[in-house]
Amino acid sequence: MDLVVLGSGTIAPDKDRTASSYWVTTGNVRILLDCGPGTMHRAASFDVPWHQVSHIAITHYHQDHWGELPAFLFALRWGIEPPRTDPVTLIGPPGFQRRFNLLAPALGDWILDPEYPLHVTEIEPGTSLALDDDVALEACRTPHTDESLAYAVRDKDVRFVYTGDTGPSDALAEWAAGCTLLLAECALPDDRAIDIHLTPSRAGALGRAARAKRLILTHFYPVFGDSSPATIAANAFGGPVTAARDGDRFRVGT
């Protein structure tokens with residue numbers, strides 16, 4: 001399994017970090033986890049074959065996590081040659097179909113029928129959705145918004161967990177237990193902690209409680225400046241921690 005960080009930032013403009021977006025490939029699955037502003041141009045910059053996407057999974061409805069989804073679907077219709085014929089499956093929390101349908105009056109009916117097969121699927125927290133014969137997407141509720149989910153991509157013994165946006169959660173740590181790689185949001189420094197986001201210490205504690213084999217931090221607001229959140233998180237985690245940057249590539253499971 002391979003991970004490419006397309007966006008390690010937030011909605012706050014940052015010359016080095018765009019909004020949340022992560023490209024995961026395993027077997028025949030090409031899944032985009034979140035689709036924040038900047039996703040497509042980052043994918044092009046990093047030579048990621050975005051047009052080969054098979055699934056797009058949205059964690060929640062804040063703009064920095066799904067704001068570029070309409071443009072992405074538009075580009076799959078008019079931005080590639082030859083035109084796409086392979087299906088795309090969109091996945092989101094309960095209520096995703098209703099919210100997606102509401103885009104049509106503003107953007108046009110093409111978004112519901114983009115001339116390639118488009119399937120919209122909702123995933124309940126605590127359940128699993130088969131993406132391919134050996135690959136599944138698992139979901140866990142997180143304390144951020146009413147809909148917010150964390151996702152795990154599982155391929156046999158490899159399990160990659162992405163927290164989405166979350167505050168501290170014992171339930172999330174239990175659900176993520178033993179994961180191969182934990183990609184944890186780390187929005188704010190410890191001295192600016194709020195209930196619905198993690199800080200370096202909180203992300204490290206989550207990784208430790210989950211007994212994650214590897215911890216990577218992401219989703220940084222610019223307030224971090226030149227500080228080193230990975231160093232602080234490592235003290236709580238008890239092992240090495242990486243602070244992701246746009247364009248970083250990771251092999252999951254080695």
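Here, residue 1 is the first one in the sequence, and each next residue gets the next number. Since the structure is predicted, the reported quantities are computational estimates derived from the model, not experimental observations. When reading the values below, keep in mind they use all heavy atoms of this one structure, side chains included, and skip hydrogens, waters and symmetry mates.
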Practice problem: Kindly check if the number of other-residue, nucleotide or ligand heavy atoms within 6.0 Å of CD (E174) is above 12? | Solution: no
Exercise. Would you mind checking if E124 and R141 are paired as a salt bridge, meaning a charged N to carboxylate O distance below 4.0 Å?
Key: no
Quiz prompt | Any donor-acceptor N/O pair, T10 side chain to H219 backbone, under 3.5 Å | solution = no
Quiz item: Is it true that the side chains of S8 and R245 contain a donor and an acceptor less than 3.5 Å apart?
Solution: no
Quiz item: Do Y162 and T59 have a side chain donor and acceptor closer than 3.5 Å?
Solution: no
Practice problem: Report yes or no: do S201 and D190 form a side-chain donor-acceptor pair below 3.5 Å? | Solution: yes
Exercise. Keeping the roles fixed (side chain from R84, backbone from P87), state whether a donor-acceptor pair exists under 3.5 Å.
Key: yes
Quiz item: Would you call F72 and L32 a side-chain contact if the rule is heavy atoms closer than 4.5 Å?
Solution: yes
Quiz item: Quick one: do the D165 and H62 side chains pair a donor with an acceptor below 3.5 Å?
Solution: no
Exercise. Please check if any side-chain donor atom of S20 sits under 3.5 Å from a side-chain acceptor atom of D34, or the reverse.
Key: no
Quiz item: For R249, does the CZ atom sit with more than 12 other heavy atoms under 6.0 Å from it, leaving out its own atoms?
Solution: yes
Quiz item: Sub-3.5 Å donor-acceptor pair from the side chain of E138 to the main-chain atoms of V153, do we have one?
Solution: no
Practice problem: Would you confirm whether S227, through its side chain, and F224, through its main-chain N or O, come within 3.5 Å as a donor-acceptor pair? | Solution: yes
Self-check item: Non-hydrogen atoms of D246 and G9 that approach each other most closely
Solution: OD1-N, 4.4 Å
Quiz item: Do any N or O atoms from the side chain of S148 and from the backbone of H144 form a donor-acceptor pair under 3.5 angstrom?
Solution: no
Quiz item: Does R99 reach the side chain of W66, with side-chain heavy atoms less than 4.5 Å apart?
Solution: yes
Quiz prompt | Test item: E68 side-chain N/O and M40 main-chain N/O as donor-acceptor pair under 3.5 Å | solution = yes
